[in-house]
Amino acid sequence: MPPKKDAKKGPDLTPEEKMALIEQTLEGEKNNLTVELTFQKDKLKQMREENYVLNSEVTLLKGKLNKQSLDADDILTHKQREISQKVERVNGLEARVKELEAVCRERDDTIKSLETERKESRKKLDQAAQLASEKAMLEEAVRRQDAVIGRQDEEMERLKRLQLELEEAMAKTQQENEEFILKASGTTKLTILFGEPWLLTRSRHRLHGEVPTDREENTLTNLGGRHLVLYGGIGRGGADGGANGAGRELGVVSLDTFNWEKAAQHKQLTQSGLRSGHSGTSVAKNKMVTFGGRRGNGLTNEVHIFNTDSMKWITPAVKGTCSHRECHASCALREKVYVMGGISEDGDLTSDLWLLDFDTMQWSMVSTYGQAAPCPRRGHAMCGSQEDRKIIVCGGFDGDTHLMDVCVLETDRLTWSCPSTTGMQPPPREGHSASMVSKYLFIAGGTDGHRQMVDVYALDTESMVWECITDGSENGLGGDPSGSNNLGSGGLSQMSGGGAAGTSGADMVHMVGGMAGLGLKPRSRYYEFHGSRLFMLKPDRDERLNELEILEFALPEDIEGMKLARMRGDEEASDRLELLDVANTSPNSIEVSWRPPSKNADRVHHYKLMMATNTGVVKEVCQGKYERFKVTGLRANAEYIFCVKAVYDDGKHIWSESKAFCTRYGGGSGGAAAAVATG
């Protein structure tokens, strides 16, 4: 409705005017209402259109809403599922969180403990750093100490080398002293035997090299006076341990060097067992022929030859055969080996005689004649006389008792004889050694079944009289079963009576001595003859055969020969120029001296001293009437040969024997040196 206009206050209107005015006013309001109605109709129409549009939109929106509702439902369902899954995951995560929290708490505890440990480690690191610093200081001190120790070690090594050198020198000196004592203990005694003067010379020698040990039922054979061969036997190890010294069944002593030399062991023989109860015979000065004996559990009749030139064994091809046996005796006579007696395979004692001819290497049994043939026996001694071709058998064991009879076989007529003997009869024995020298039969050693005998007897085969050269049985010496001896310090034996006038028992003990206190085995072979020399092996406390004693008999005819040689030698020596054996030496000088000839010494015009080097250079070093001269400017540890010439006033001259001397090692002090004669 249009707004009403405010009526101005004027004069009052008539009713017509008021009617007209009201009509006018109403007409105006009608127009206004019409206009307003049209407006409203238009507005309603517009609104209807808008309502239609809105209804369309509502319908569309409802469709959309329905679709969105469905989508929302789907989304909600999916979201709900996701939410439930997430809830489950959250629950799982919460559980995991709880676990992680527990782990974290544990880690916190661990971290706390590690922190504590770290603090402790820090302290330890600080301490280690301090220790490292101290270590560095100590290492520096150790390095300095090591340098000092190194110098001390060098000094110690030098002192050790010096000590070793001194010990070697002392050992060498001790060995030389022992050898000197042994040599000095040798004696020469003149005694009366068989009413004539005999000269007994004893010498003792230390044996070196691979020393074997003592054994029983062995053989000891002298080859040409140059070698002593020890073979076979039963040692401390029993039958399989025989010759256990140095692991050898065979030992060879060189009588030139007194060394146990290396010899080839017979492998084929030692594989079948070591040998005992055999015989060993010297042939041609360099061969030992072994025959028979026991090897292992059985007897053998094998023949083997050991050659000292090659130090090897030979097994010859032998024709014929000699019966198996042990504890027999053998000897060589003119390239023939005779074997007699012993124990047969049946255990019986025999007295048969066999011959092995070395020219044909043929065995043959010897048929002998005469009523005085030796009885069956074992352990007897057998030797040959090259001059009258006789074989002597003495002693042994006949199964009941020990014997000391003497039986002689003349090989030309093959007849036996058993002459009766007088004088100092040797005690019966077996396992002894025997030798013929000139007309004398010597025996030594052996056993009476209980102990080793250490006596030596001689028999004059012309008068058949026995003499005792040495007798140790009265003093309780020898190899009793206990291995003890009763003589304290005397020696091997003493000289007994029976024609040994002028020599007391004590003198002979000192002369032959050396076996006292030794445990000698009853059935061992310690003795062996070669000519007029008796060789005796001696064991020490460890049963090592490291000493050799030689007793040499100079017969009356030998003494006469020595007297004549001495007279000739004195005549020659009176006109001899002698270069003395001892010289004063230093690393670069040698002072030699000489003794003028006792005859015509006043006729010597001058002396010439000649010197030769090992390179062959010869020069004159002095000329004049000196009897001593010192040569200087020489090389250390070198050998020089000297010779002196004496020139007489008439132009004649004589030469001394040339001798070699050595200068000492560099740095050594001067001293005396012994000469070596060079011819």
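Numbers for residues simply follow the sequence, beginning at 1. Remember, predicted model here, so these are calculated numbers, not experimental data.
A distance of 10.5 Å separates OG1 in T257 from CZ in R226, rounded to the nearest 0.5 Å. Taking CD from Q85 and CZ from R89, the interatomic distance works out to 8.5 Å, rounded to the nearest 0.5 Å. The structure places CD of E106 at 7.5 Å from CG of D109, a figure rounded to the nearest 0.5 Å. For the atom pair M288 CE and L228 CG, the distance stands at 10.5 Å (nearest 0.5 Å). Here the straight-line distance linking atom CG of L33 with atom NZ of K30 works out to 10.0 Å at 0.5 Å rounding. The CD atom of E155 sits 14.5 Å away from the CD1 atom of I149 when rounded to the nearest 0.5 Å.
L520 is listed as a side-chain neighbour of V454, based on a closest heavy-atom distance under 4.5 Å. The side-chain heavy atoms of L548 and K538, taken from C-beta on, include no pair separated by under 4.5 Å. Residues L537 and L207 meet the side-chain proximity criterion, which asks for heavy atoms closer than 4.5 Å. Using a 4.5 Å heavy-atom cutoff, the side chains of E261 and H227 are in contact. Counting only heavy atoms from C-beta outward, the side chains of S279 and T290 never approach each other to under 4.5 Å. Under the 4.5 Å side-chain criterion, counting only non-hydrogen atoms from C-beta, E27 is not in contact with Q24. Counting heavy atoms from C-beta on, the side chains of E216 and P522 come closer than 4.5 Å. Taking the side chain as every heavy atom from C-beta outward, E82 and H78 approach each other to under 4.5 Å.
For N218 (side chain) and R525 (main-chain N/O), a donor-acceptor pair under 3.5 Å exists by modelled atom type. Using a distance-only test at 3.5 Å, with no hydrogens or angles considered, a donor-acceptor pair links the side chain of Q452 to the main chain of K521. Under the 3.5 Å distance criterion, the side-chain polar atoms of T308 are matched with a main-chain donor or acceptor of N286. Of the possible polar contacts, one joining the T447 side chain to the R451 backbone as a donor-acceptor pair under 3.5 Å is found. The main-chain N or O of M311 is never found under 3.5 Å from a side-chain atom of N307 such that the two would form a donor-acceptor pair. N51 places no side-chain N or O within 3.5 Å of a backbone atom of M47 that could act as its donor or acceptor partner. The closest donor-acceptor contact from the side chain of S133 to the backbone of A129 lies at 3.5 Å or more, if one exists at all.
Not counting sequence neighbours, R48 has no partner by the salt bridge (Lys or Arg N to Asp or Glu O under 4.0 Å) test. Every residue meeting the salt bridge (Lys or Arg N to Asp or Glu O under 4.0 Å) condition with E217, not counting sequence neighbours, appears here in chain and number order: R523. F291 pairs by the ring-ring contact (aromatic ring centres under 6.0 Å, His included) definition with H328, W363, not counting sequence neighbours. Under the rule for a side chain to side chain donor-acceptor pair (under 3.5 Å), the partners of E99 that lie at least two apart in sequence or sit in another chain are R96. Partners of D42 according to the side-chain contact (heavy atoms from CB on, under 4.5 Å) rule, which considers only residues two or more places apart in sequence or in another chain, are T38. Partners of T632 under the side-chain contact (heavy atoms from CB on, under 4.5 Å) rule, at least two apart in sequence or in another chain, are S589, K630. In this view, V148 and R151, Q152 satisfy the side-chain contact (heavy atoms from CB on, under 4.5 Å) rule, not counting sequence neighbours. Taking H278 as the reference, Y231 meet the ring-ring contact (aromatic ring centres under 6.0 Å, His included) condition, with sequence neighbours excluded. For the side-chain contact (heavy atoms from CB on, under 4.5 Å) test, residues two or more places apart in sequence or in another chain that qualify with V87 are I83, N91. Qualifying salt bridge (Lys or Arg N to Asp or Glu O under 4.0 Å) partners for E140, counting only residues two or more places apart in sequence or in other chains: R143, R144. Under the rule for a salt bridge (Lys or Arg N to Asp or Glu O under 4.0 Å), E167 has no partner lying at least two apart in sequence or in another chain.
What you find for S203 and H205 is that their closest heavy atoms are OG-NE2, 3.1 Å. In terms of heavy atoms, G251 sits closest to W260 at C-CZ3, 3.5 Å. Counting all heavy atoms, side chain and backbone alike, I305 lies closest to P316 at CD1-CG, 3.9 Å. In terms of heavy-atom proximity, T110 sits nearest to S113 at O-OG, 2.6 Å. In terms of heavy-atom proximity, F306 sits nearest to L250 at CE1-CD2, 3.3 Å. Of all non-hydrogen atoms in T213 and D542, the two that sit nearest each other are CG2-O, 4.5 Å.
Side chain to side chain, H304 and E302 meet the donor-acceptor criterion of an N or O pair below 3.5 Å. Judged by distance alone, the side chains of S524 and R215 never bring a donor and an acceptor atom under 3.5 Å apart. Judged purely by distance below 3.5 Å, without hydrogens or angles, the side chains of T663 and N588 never pair a donor atom with an acceptor atom.
For residues 117-127, every residue pair satisfying the side chain to side chain donor-acceptor pair (under 3.5 Å) rule, not counting sequence neighbours, is listed here: E115-R118.
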Next item on the list: Mind running side chain to side chain contact (heavy atoms under 4.5 Å, CB included) on E157 and R161 for me, showing each step along the way?
Entry: CA-CA 6 Å; E157 288 296 328; R161 289 194 298 271; 3.8 Å; yes
Next item on the list: Dump the intermediate steps for side chain to side chain contact (heavy atoms under 4.5 Å, CB included) on D214 and L545, then the final yes or no.
Entry: CA-CA 6 Å; D214 201 2; L545 298 171; 4.2 Å; yes
Next item on the list: Go through the steps for T321 and N301 under the test side chain to side chain contact (heavy atoms under 4.5 Å, CB included), then give the verdict.
Entry: CA-CA 8 Å; T321 180; N301 64 347; 2.9 Å; yes
Next item on the list: List the steps and the verdict of side chain to side chain contact (heavy atoms under 4.5 Å, CB included) for R294 and S276.
Entry: CA-CA 5 Å; R294 178 174 296 274; S276 62; 4.0 Å; yes
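Environment of CG in N297: sparse, with no more than 12 heavy atoms of neighbouring residues, nucleotides or ligands closer than 6.0 Å.
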